[in-house]
J.: 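Next up is a structure, given as structure tokens.
Bear in mind that the values here come from a model prediction, so they are computed numbers and not experimental data.
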Protein chains: 2
Amino acid sequence: MMNTNNVKQLAVFKALADPARLEIVEYLKHVDNEISCGEVGKALNISKTSGSYHFKILQEAGLINARKEAREKYVSLNPECFDKFITNFYKNI
Amino acid sequence: MMNTNNVKQLAVFKALADPARLEIVEYLKHVDNEISCGEVGKALNISKTSGSYHFKILQEAGLINARKEAREKYVSLNPECFDKFITNFYKNI
DNA sequence: TAAATAGTTCAAAAATATTTGAACTATTTT
DNA sequence: AAAATAGTTCAAATATTTTTGAACTATTTA
């Protein structure tokens, strides 16, 4: 049986269990600054529709922060989420 | 584009991105000793066919060690894999 | 104000992953 | 030797995830 903490834990692993999203995460880590979804998509060759879907999954998992400024959406990693659900995963289960 | 290290990284996240496998991993962590697949399946209510499939995914990702003794297959976690691909993930990307 | 740009939403199509049951191998118990 | 047990494999069925293109909103540029 799955408890409620695990629902979030699972969403985090699911979010990282896709090649496009793993690339987005790595890209954001290296950029180390907020960047627009469009720019990320262009750099990684992800269509805007598909990008929109992937950013949503990452956002819902809490792995990225997003800020809408006018037409553009700026995203950046949320290190606290990585820390809590990834870095400390093994120790905490 | 996905590099070859990421193939393994992705397999590890995929392996953990399923409720049954997440439960298996937690169970193995708490048992903290090798245990047969059948016993795990019984405890977590996973059919033997489905269990066989999940243990294979975890094994291929390197997250568990498995040893066949006679009729039974004994499994345990492989902490080194968690350490390399989970605990150190954020720092290393 | 018309055209372009950034992103979202929707439903359908395509791709992947998971579950199931039957048949199988190998070992152990009766 | 027959029956039971532990696990695997296979193909089909089912479920879930991802991609696609068209239509949409909102903002900016020409």
J.: Could you verify whether a donor N or O on one side chain and an acceptor N or O on the other, from B:Asn6 and A:Glu26, lie under 3.5 Å apart?
T.: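 Short answer, yes.
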J.: Nearest heavy atom decides the nucleotide; on that basis, is A:Glu69 or A:Ser50 closer to the 5' end of DNA chain D?
T.: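 Result: A:Ser50.
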J.: So, do B:Ile35 and B:Glu39 sit near enough that their side-chain heavy atoms are less than 4.5 Å apart?
T.: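 Answer yes - side chains close enough.
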J.: Between A:Arg21 (side chain) and A:Leu16 (backbone), is there a donor-acceptor pair under 3.5 Å?
T.: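 No, the answer is negative, given that no donor and acceptor are paired below the 3.5 Å cut-off.
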J.: Could you tell me from which nucleotide to which nucleotide of DNA chain C, 5' to 3', there is an atom under 4.0 Å from chain B heavy atoms?
T.: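 Going 5' to 3' along DNA chain C, contacts run C:dA17 to C:dT28.
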J.: A:Tyr90 vs B:Phe82 aromatic rings, parallel, tilted or perpendicular, using cut-offs 30° and 60°?
T.: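 Aromatic pair A:Tyr90/B:Phe82 classed tilted.
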J.: Below 4.5 Å, heavy atoms only, C-beta onward: do B:Tyr27 and B:Glu23 meet side chain to side chain?
T.: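 Side chain of B:Tyr27 against side chain of B:Glu23, heavy atoms only: no contact under 4.5 Å found.
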J.: Using the side chain to side chain contact (heavy atoms under 4.5 Å, CB included) definition, which of the options B:Ile57, B:Asn78, B:Leu28, B:Ile24 pairs with B:Ile64?
T.: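 Answer to the side chain to side chain contact (heavy atoms under 4.5 Å, CB included) test with B:Ile64 among B:Ile57, B:Asn78, B:Leu28, B:Ile24: B:Leu28.
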J.: Over how many whole Å does the gap from A:Leu22 atom CG to D:dT17 atom C1' extend?
T.: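 Rounded to whole Å, this separation is 16 Å.
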J.: Please give, in whole Å, the distance from D:dT18 P to A:Lys56 NZ?
T.: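 A:Lys56 atom NZ is separated from D:dT18 atom P by 12 Å.
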J.: Would you kindly give the CZ-to-P distance between B:Phe13 and D:dT17, to the nearest whole Å?
T.: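 The distance from CZ of B:Phe13 to P of D:dT17 comes to 17 Å, rounded to the nearest Å.
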J.: Would you indicate what B:Lys14 reaches in the nucleic acid, counting non-hydrogen atoms under 4.0 angstrom: base, sugar-phosphate, or nothing?
T.: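 Sugar-phosphate only.
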J.: Send over the distance from A:Lys73 NZ to D:dT27 P, rounded to a whole Å.
T.: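 Interatomic distance, NZ of A:Lys73 to P of D:dT27: 15 Å.
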J.: Mind checking A:Lys48 for me? I need base, sugar-phosphate or nothing, with any heavy atom below 4.0 Å counting as a touch.
T.: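 The residue A:Lys48 makes base contact.
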J.: Residues of residues 33-41 of chain A with any non-hydrogen atom less than 4.0 angstrom from an atom of DNA chain C: list those, numerically ordered, please.
T.: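 Under 4.0 Å from DNA chain C: A:Ser36, A:Cys37, A:Gly38.
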J.: Under a plain distance cut-off of 3.5 Å, with no hydrogens placed, do B:Lys73 and B:Gln59 share a side-chain donor-acceptor pair?
T.: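 There is such a pair between these side chains.
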J.: Looking at A:Leu77, is its backbone amide N or carbonyl O close enough to the side chain of A:Lys29 to form a donor-acceptor pair, meaning the two atoms are under 3.5 Å apart?
T.: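 No; zero donor-acceptor contacts below 3.5 Å.
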J.: Of A:Ala70 and B:Thr49, whose nearest nucleotide on DNA chain D comes first from the 5' end?
T.: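 Checking each residue's closest nucleotide, the 5'-ward one belongs to B:Thr49.
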J.: Should B:Arg71 be listed as having a side-chain N or O under 4.0 Å from OP1 or OP2 of D:dA4?
T.: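 The answer is no; no side-chain N or O of B:Arg71 sits under 4.0 Å from OP1 or OP2.
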J.: Report yes or no: do A:Ile93 and B:Phe13 belong to one cluster of Ile/Leu/Val/Met/Phe/Trp/Tyr joined by side chain heavy-atom distances under 4.5 Å?
T.: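 The answer is yes; both residues are in one hydrophobic cluster.
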